[in-house]
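First up is the structure itself, then whatever we jot down about it.
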Amino acid sequence: VSMQSDDVHQVFLAENRSVCPPGHVLGLDDAASGSGPGACVQCPQTTYSSHPLEKGLLDGSCSPCPPGMTCGGGPDAKPLEGFWVNPHLVHEDPESVDMYDAQIVSPSATARRASSAPAAVTAHRCAEGACLSDWKCAEGHYGRACGLCNATRVDGKYFAMGAQGCVPCEETSQAGGAVVLTLCGIVATLVYYVAVWRPWIRFESVEKTVGACVQGIRNRVRSLANRGTESNNTRGGSATGYLKIMIGFFQVTAAFSSTLEVEWGPTLEDLLSLFALFQLDFFSLPSTECVTSDIQHSEKLVVSTLAPVLVLVLLALPTLAVKFRNTPQPEIDRRERVVYKVSSAFSFSALAFLFLVYPLVSKAVLGTFNCADLGDGGKWLKSDMRLSCPLDSSNFALHWSIVFTIVFPIGVPVLFVSMLYYFKVPQLAENKVKMHRLRAVLSRMNVRMDLPKNWNSLGGFETNGAGGFHLCLPVQQHLTFRLHS
């Protein structure tokens, strides 16, 4: 370039993103030629620009505002409440906002920012209550999807990673968490004794005192409810079934808040948090989150999968001890009775324990495969946004989860179904239904039928071709019919 003037002219050269201010695109007078004079055009409302050379068209057109964002024209493009956008792609000063994540701004991301290729901007849904409007995160949250917790201690206060996001903690919270864990340990020890050791080793004096208190409470409740003895006996037999249904309902309902991206509202959110106590997740109990926040997903995964195996071994100790201990000949019969009681207690306790911990362990195992894809922001583990997605790195947590997916989420249901058919539970249930049908018919005839208590194991029903059935019992057994007076 030669200049035929003595005047000095200052020339500014710019390239890539520096061609135009934020929120503008370059529009050439002759966009088809790709060269020539042009000007920077501000993006109108409902559109945005992540790069002055948007789409490479150079015709001054901007991109439509993506779902989850609001675009007021020019540089005024920001995510709506409940959504996260990588500020490094849109915001003119990304480091000044809560949603900025230094780990996402890698050298490759910086190179893309300086390149001539516009980046696709996508709004990603955050966990409920984590992302606010105008590039802000909820208190204590920051970074990618507002899923990181501010662990900086100010006046003894900080935030820790919890099951429902970042929870506020104080210096005294760790002491409270230790107390909660100690109380849980005491309760677990008492339950362990009652479940499997009590049929063999009993403390008579203590049990009499506790039994008297429990019986007094029962009598008081019965008197208030004003129920008859027969009704209580009938309902008592199915109390365990009702309890299992209620616990299963609470466990499944509590998982909604962490698995479904729904705005439940404060009342329902508090109720679901209360139901979460039935999931037996010691990592998310009140006050314990502040103690266990530094434990990462891989460590929680190992504890959540190996702890049930250890508990099953502890439950089996009384049975093994009774079976393999030396017993004098005169006490053989008594030993067999004790073995039967202890073995029955172990079977019931083991199945009940697997029923209780199945949702917790399955959630921990399958959570390894649940990642949040933030596009240009990378892939991160949803249950712990501090960690990158194991599916991309193929690390220890992924291999461990694959193995225990077969053991727990698949293996436990297969075990339960196999036991149902091994002990012929469907057949027993069918016989029970038929017996009640027979009782209903006889009751209309004013006839009462008396059967031995173990009738279901002594005989059964056979279908007779005409749609009816016969009740079959061994020769030694008999039916007793009585006419009502």
Side-chain angles (χ1 to χ4, degrees), residues 84 101-104 106 108 124-127 130 141-151 159-167 177 181 251-252 254-261 276 279-285 288-313 353-354 356-415:
W84 178 88
D101 193 336
Q103 191 171 351
I104 289 180
S106 58
S108 58
H124 305 276
R125 184 173 288 277
C126 308
H141 298 67
Y142 76 96
R144 63 192 78 109
C146 293
L148 303 180
C149 302
N150 188 358
F159 287 82
M161 182 75 68
Q164 306 299 330
C166 302
V167 294
L181 292 177
Q251 289 180 331
V252 173
F256 289 169
S257 61
S258 58
T259 55
L260 301 179
E261 296 178 346
Q279 291 186 327
L280 303 181
D281 187 359
F282 294 101
F283 296 109
S284 60
L285 289 176
T288 61
E289 295 172 322
C290 299
V291 180
T292 61
S293 62
D294 293 334
I295 303 177
Q296 295 191 354
H297 173 75
S298 57
E299 298 167 341
K300 292 181 179 180
L301 180 64
V302 173
V303 173
S304 300
T305 51
L306 292 186
V309 178
L310 177 60
V311 171
L312 291 176
V313 172
F353 175 72
L354 288 176
L356 289 174
V357 302
Y358 176 75
L360 168 65
V361 180
S362 298
K363 178 183 176 181
V365 172
L366 298 179
T368 306
F369 309 103
N370 188 15
C371 297
D373 187 358
L374 302 182
D376 190 74
K379 295 181 180 180
W380 307 90
L381 192 64
K382 268 193 174 182
S383 60
D384 191 346
M385 294 294 287
R386 295 172 294 183
L387 306 177
S388 60
C389 181
L391 298 178
D392 293 339
S393 56
S394 186
N395 55 14
F396 164 78
L398 177 62
H399 299 149
W400 188 271
S401 297
I402 292 175
V403 173
F404 277 91
T405 297
I406 301 173
V407 175
F408 277 99
I410 298 176
V412 172
V414 170
L415 172 64

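The two residues Asp373 and Gly375 make their nearest non-hydrogen contact at OD1-N, 3.0 Å. In terms of heavy-atom proximity, Ala130 sits nearest to Ala145 at CB-O, 4.3 Å. Taking both residues in full, the closest heavy atoms of Ser304 and Pro308 are given as O-CD, 3.0 Å, listed atom of the first, atom of the second, then distance. When every heavy atom of Phe159 is checked against every heavy atom of Cys149, the shortest pair comes out as O-CB, 3.9 Å. Taking every heavy atom of both residues into account, Pro413 and Tyr358 meet most closely at CG-OH, 3.4 Å.
Residues passing the ring pair (Phe, Tyr, Trp, His ring centres under 6.0 Å) test with Phe404, sequence neighbours excluded: Trp400. Remark: Asp392 engages no residue in a salt bridge (Lys or Arg N to Asp or Glu O under 4.0 Å) (not counting sequence neighbours).
At a threshold of 4.5 Å between non-hydrogen side-chain atoms, the residues Leu391 and Lys379 do not count as touching. Between Leu360 and Phe408, the closest side-chain pair of non-hydrogen atoms is not below 4.5 Å. For the pair Leu354 and Leu312, the minimum side-chain heavy-atom distance is below 4.5 Å. At least one side-chain heavy atom of Leu398 sits under 4.5 Å from a side-chain heavy atom of Phe369. Looking only at side-chain heavy atoms (C-beta outward), Val412 and Val361 stay at 4.5 Å or farther from each other. Two residues are said to be in side-chain contact when any heavy atoms from C-beta on lie closer than 4.5 Å; Leu301 and Ser401 meet this criterion.
Exactly one of Val365, Val407, Val403 qualifies for a side-chain contact (heavy atoms from CB on, under 4.5 Å) with Thr305. That residue is Val365.
Distance check: Leu374 CG to Trp380 CH2 gives 8.5 Å after rounding to the nearest 0.5 Å. Taken to the nearest 0.5 Å, the NZ atom of Lys363 stands 10.5 Å off from the CG atom of Asn370. Distance CG/Leu381 to CZ/Arg386: 10.0 Å, rounded to 0.5 Å. Of the inter-residue distances, the one linking Met385 atom CE with Cys146 atom SG reads 9.5 Å to the nearest 0.5 angstrom. Taken to the nearest 0.5 Å, the CD atom of Gln296 stands 6.0 Å off from the CG atom of Asp384.
Of the possible polar contacts, one joining the Asp101 side chain to the Arg144 backbone as a donor-acceptor pair under 3.5 Å is found. A donor-acceptor contact shorter than 3.5 Å is absent between the side chain of His297 and the backbone of Ser383.
Under the disulfide (SG to SG under 2.5 Å) criterion, the residue pairs touching residues 366-396 are Cys371-Cys389, with sequence neighbours excluded.
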